[in-house]
Amino acid sequence: MLDNNVLHKKVKDILYSLTGITLAENKDIMISNRLHKLQRDTKYSGDINNLLNAIENGSYTIEFINSFTTNKTHFFREDFHFTDLKDRILPEFSKSGEEIKMYCSASSTGEEPYSMAMTVFEAQEETNRKISASILATDIDTNVLQYAANGVYRFSKSSKEFPEWIKPQKYFKKRVNKTLSTEEILIKVKPEVQRMVTFKVMNLNDSTYPHENNHFDVIFCRNVLIYFSSEDQNIILRKLFSHLKMGGTLYLGHSENPHDLINFVKRVGQNIFIKTKELH
Ligand SMILES: C[S@@+](CC[C@H](N)C(=O)[O-])C[C@H]1O[C@@H](n2cnc3c(N)ncnc32)[C@H](O)[C@@H]1O
């Protein structure tokens with residue numbers, strides 16, 4: 001049996017090499033819990049160190065990655081970003097008739113890209129014109145992508161997730177489920193909202209991304225950089241930036257910063273950046 005320090009160091013090394021995620025020093029309880037989850041998911045009954053050896057040799061990598069990602073998210077998280085999208089960006093596309101191409105680079109269980117889609121529908125109503133929009137949503141975790149593509153969520157009447165300019169009943173259908181408390185219901189995203197979003201698996205740690213250069217008008221990269229070292233955050237941002245059109249907008253999470261991009265963007269709001277120069 002390996003001692004916990006050695007075991008946890010091994011977990012951190014594997015996680016870093018597979019995903020780029022850097023776990024902080026004080027994560028012992030979390031690592032232990034996730035190792036239990038990993039054993040459950042893989043149904044591996046042997047010694048945990050042997051399981052880690054197998055992962056190092058290329059087995060169970062999906063289960064390992066899915067066990068160690070943190071997927072916390074909710075609809076309209078940091079809602080001022082969606083207000084900015086609705087009021088500043090979408091009216092331009094409504095006027096020009098051009099398709100707006102958006103990218104959600106760590107979409108987790110789907111609340112973020114579906115919030116982007118609902119925002120497009122609201123802007124359409126406000127401007128009284130059809131807006132052509134596509135949203136690519138990627139994540140490294142295949143479980144959350146499956147959940148997202150299914151589009152079924154728990155909703156409670158006391159939930160404050162939706163800003164007052166969104167009426168959830170326009171975008172979701174109620175699902176009957178007897179196992180939930182009376183406070184909670186299940187809701188399913190309507191097909192017209194789902195059709196706007198394409199979910200794909202992608203690792204932000206890959207050396208290149210499968211997107212064209214200067215392709216997206218909008219990139220959401222929120223609450224994922226925090227899991228990477230400062231150096232790796234910068235590397236990811238530089239790669240993402242090459243896929244953003246000149247004049248396109250990058251949204252970052254509340255505690256994230258643009259690193260090297262700072263001299264190549266104009267800040268127009270709280271962690272809202274417009275690309276003004278190409279990065280060399
Ligand atoms: C905390 S969630 C943030 C979700 C959403 N962007 C938000 O702001 O609510 C972080 C997500 O990043 C994903 N992630 C972590 N490392 C990744 C990587 N190397 N490549 C792609 N996605 C990654 C996780 O699987 C998780 O779903």
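All ligand and atom numbering here is 1-based and tracks the order in the structure. Everything numeric in this text was worked out from a predicted model, so none of it was measured.
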Quick test: of every protein heavy atom, which one is nearest to atom 9 (O) of ligand 1, and how far off is it to 0.1 Å?
Thr73 OG1, 2.6 Å

Does Phe220 reach ligand 1, in the sense of a heavy atom lying below 4.0 Å from it?
no

Among all the protein's non-hydrogen atoms, which is closest to atom 16 (N) of ligand 1, and how far away is it?
Ile21 CD1, 3.6 Å

What residue and heavy atom of the protein are closest to atom 12 (O) of ligand 1, and at what distance?
Val224 CG2, 3.3 Å

Starting from atom 20 (N) of ligand 1, locate the nearest protein heavy atom and write down its residue, its atom name and how far away it is, to 0.1 Å.
Leu204 N, 2.8 Å

So for Glu111, does at least one of its heavy atoms come nearer than 4.0 angstrom to any atom of ligand 1?
no

Who's closest to atom 18 (C) of ligand 1 heavy-atom-wise, of Asn203, Leu145, Ile65?
Asn203

Are Arg222 and His81 close enough that some pair of their side-chain heavy atoms sits under 4.5 Å apart?
yes

Mind checking whether Ile236 and Phe264 sit in one hydrophobic cluster, side chains of I, L, V, M, F, W, Y counted as touching below 4.5 Å?
yes

For Lys72, the ligand 1 atoms with a heavy-atom partner under 4.0 Å come out as 1 (C), 2 (S), 3 (C), 4 (C), 9 (O)

Hey, which atoms in ligand 1 end up nearer than 4.0 Å to a heavy atom of Asn223?
1 (C), 2 (S), 3 (C), 7 (C), 8 (O), 10 (C)

According to the interplanar angle, ranging from 0 to 90°, do the rings of Tyr251 and Phe220 count as parallel (below 30°), tilted (30 to 60°) or perpendicular (above 60°)?
tilted

Can any side-chain N or O of His211 pair as donor or acceptor with the backbone N or O of His243 at less than 3.5 Å?
no

Within the 4.0 Å heavy-atom shell around Ser108, which atoms of ligand 1 are there?
4 (C), 27 (O)

Do side-chain atoms of Glu161 reach the backbone of Phe76 as a donor and acceptor pair under 3.5 angstrom?
no

Where does the angle between the aromatic ring planes of Tyr153 and Phe75 fall among parallel (under 30°), tilted (30 to 60°) and perpendicular (over 60°)?
perpendicular

Atom 23 (C) of ligand 1: nearest protein contact (heavy atom, Å)
Ile140 CG2, 3.5 Å

Which of these, Met202, Arg77, His74, has its nearest heavy atom closest to atom 7 (C) of ligand 1?
Arg77

Donor-acceptor check, side chain of Glu63 to backbone of Leu38, threshold 3.5 angstrom: yes or no?
no

Can you list the atoms of ligand 1 that are under 4.0 Å from a heavy atom of Asp141?
25 (O)

Taking every heavy atom of Leu145 against every heavy atom of Val201, the minimum-distance pair comes out as CD1-CA, 3.5 Å

Out of Ala106, Ser115, Ala137, Gly253, whose heavy atom sits nearest atom 5 (C) of ligand 1?
Ala106

Under 6.0 Å between ring centres, would you say that holds for Tyr209 and Phe241?
no

Nearest to atom 25 (O) of ligand 1, what protein heavy atom do you find, and at what distance?
Asp139 OD1, 2.6 Å

Side chain, backbone, both or neither: the part of Thr70 lying under 4.0 Å from ligand 1 by heavy atom:
backbone

Ligand 1-proximal atoms of Phe75, by part, heavy-atom distance under 4.0 Å:
neither

Can you list the atoms of ligand 1 that are under 4.0 Å from a heavy atom of Arg222?
3 (C), 5 (C), 6 (N), 7 (C), 8 (O)

Do side-chain atoms of Ser242 reach the backbone of Asn213 as a donor and acceptor pair under 3.5 angstrom?
no

Look at the side chain of Asp139 and the backbone N and O of Thr109, then say whether any donor-acceptor pair between them is shorter than 3.5 Å.
no

